[in-house]
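Every number for a ligand or one of its atoms is a count from 1 in the order of the listing.
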Amino acid sequence: MPTEKKPEYSPGLAGVIAGETAICWVDPAAGLMYRGYDIHDMAQKASFEEVAYLLLNGELPNGKQLVEFTQQIAAERALPGAVIEMLRLLPSKTHPMDMLRTGVSMLSAFDKDLSDNSHDANIRKSIRLIARVSTLITDGWRISHGEQALPEKTDLTQAGNFFYKLEGKVPQDWQIRMLDTIFNLYADHEFNASTFAARVTSAVATLKGPLHGGANEESMKMLEEIGTPDRAESWLMKKLGTKEKIMGFGHRVYKEGDSRVPVMREIARDLGKRTGKENWVPICEKLEEVMDREKHLCANVDLYAAPVFWMLGFPPELNTPLFAASRVAGWCAHVTEQHDHNRLIRPRSLYVGHELRPYPDSSARGG
Ligand code: ACO
């Protein structure tokens, strides 16, 4: 007989407080704060390095600290030769997120601080990971497309170097500014699925899921299928009629809108003008209007991130890796915080299987 009464539980851990954090606060009414700073003020002004420093260390860097931190990251970008060799061995159709997961896993074996979980060691590992996640993405992409990985440009920041390593061209200042803003918007989001997984063990694989980070790749497929704003409403009504999930809409916490959407929408508008691709924003806006009317659901950041990445020239398969190149800062900050006050995360599950039954002798099972 069961020895405990059937407990209450929350499917998907919705609304469950699974721990404390001082890193990030998501306000369900469309707010987002890193270490007490409103993301709306900071995202468009700070470099990604500045935000990563804040997430990891709790305070903004002064000028000297920022220069040092930026240089430390730049100096750690190159991958061990064996990791480059491993990337070459993967089938060319391997998804960039699977390359990234395998690469991060392999990098751990080369990390001299692997088994040291002191605060200082965790910060050192964080710097290396922030630096190398980007390199795994850009080198992995070039290698899987039959090209050579390019040498690092240590005078470029993470955002600038990402463009350079992918395309072989030093980007313009406005492109770097835009990618910094995007990285800043994605850098942390308290106990989202992949960060929660990071605090327990594995973040990259979790981020790949289509209901989480993978949504920004799926959103682009959806927008391409729709094609023009006048087709958006009928496309959406058909999908809703067959009860399909619409990528780039809905959120576990935000119910009044995703705090990151207004900035991402403006970037999409700006890029539309610069690139002459002004169709995407009206398609997204039409989808927003109809989703609000039909389901009272708001867009999330991935709806606009998809065309933004597209117009910045990135292939859709790199949408989720780009998210990872930024969220790695938040993962690292959370893992460091977790280790600083470690308690094994071990939830319970609700048993819904058979009642207790006797074990039958094999002769009683026939066959
Ligand atoms: N399209 C259509 N209907 C939706 C959507 C959607 N995108 N999101 C939620 N709903 C509906 C559900 O079907 C459900 O309806 P019902 O009550 O009639 O069954 C209701 O809204 C509540 O939805 P849940 O799935 O219970 O909400 P939950 O908190 O579990 O899901 C999630 C949140 C996973 C993000 C969901 O909204 C979703 O699947 N969205 C699409 C994928 C996506 O864009 N993910 C990115 C999230 S943001 C990020 O990771 C950066």
Verify [atom]: protein non-hydrogen atom under 4.0 angstrom away:
{"atom": "atom 20 (C) of ligand 1", "result": "no"}
{"atom": "atom 30 (O) of ligand 1", "result": "yes"}
{"atom": "atom 23 (O) of ligand 1", "result": "no"}
{"atom": "atom 10 (N) of ligand 1", "result": "yes"}

Please report which non-hydrogen protein atom sits nearest to [atom], along with the residue it belongs to and the distance in Å to one decimal place.
{"atom": "atom 25 (O) of ligand 1", "answer": "K245 NZ, 3.3 Å"}
{"atom": "atom 50 (O) of ligand 1", "answer": "H212 ND1, 2.9 Å"}
{"atom": "atom 7 (N) of ligand 1", "answer": "I246 O, 2.7 Å"}
{"atom": "atom 45 (N) of ligand 1", "answer": "L211 O, 2.9 Å"}
{"atom": "atom 28 (P) of ligand 1", "answer": "R252 NE, 3.6 Å"}
{"atom": "atom 4 (C) of ligand 1", "answer": "L297 CD1, 3.2 Å"}
{"atom": "atom 18 (O) of ligand 1", "answer": "K295 NZ, 4.4 Å"}
{"atom": "atom 43 (C) of ligand 1", "answer": "A215 CB, 3.4 Å"}

- Task: Kindly work out whether a path of hydrophobic side-chain contacts (I/L/V/M/F/W/Y, heavy atoms less than 4.5 Å apart) joins L150 to L179.
- Result: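 Not linked; separate clusters.
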
Spacing of [atom1] belonging to [X] relative to [atom2] belonging to [Y], to within rounding of 0.5 Å:
{"X": "M86", "Y": "S105", "atom1": "CE", "atom2": "OG", "answer": "8.5 Å"}
{"X": "N161", "Y": "I176", "atom1": "CG", "atom2": "CD1", "answer": "9.5 Å"}
{"X": "L60", "Y": "L54", "atom1": "CG", "atom2": "CG", "answer": "4.5 Å"}

- Message: What verdict does the side-chain hydrogen bond (donor to acceptor under 3.5 Å, both in side chains) test give for E49 and T157, after you've listed the backbone C-alpha separation in whole Å, the side-chain angles of each residue and the deciding distance to 0.1 Å?
- Response: CA-CA 8 Å; E49 282 82 350; T157 58; 4.6 Å; no

- Take the angle between the ring planes of F323 and Y186 and call it parallel below 30°, perpendicular above 60°, tilted in between.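 Ring orientation of F323 relative to Y186: parallel.
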
Charged N to carboxylate O under 4.0 angstrom, [X] versus [Y]?
{"X": "D111", "Y": "K125", "value": "no"}
{"X": "R177", "Y": "D173", "value": "no"}
{"X": "K245", "Y": "E218", "value": "no"}
{"X": "D98", "Y": "R101", "value": "yes"}

- Which bit of K243 is near ligand 1, meaning a heavy atom under 4.0 Å away: side chain, backbone, both or neither?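 The answer is neither; K243 stays 4.0 Å or more away.
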
- Within reach of ligand 1, part of E244 (heavy-atom separation under 4.0 Å):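 Under 4.0 Å from ligand 1, E244 contributes backbone atoms alone.
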
Does the N or O separation between [X] and ligand 1 drop below 3.5 Å for any pair?
{"X": "G248", "result": "yes"}
{"X": "F249", "result": "yes"}
{"X": "K255", "result": "no"}

- Message: Counting neighbours of CH2 on W235 that are heavy atoms of other residues, nucleotides or ligands and sit closer than 6.0 Å, is the number greater than 12?
- Response: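 Enclosed: over 12 neighbouring heavy atoms sit under 6.0 Å from CH2 of W235.
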
- Item | Residue-ligand contact E218/ligand 1, heavy atom below 4.0 Å |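 Heavy atoms of E218 never come under 4.0 Å of ligand 1.
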
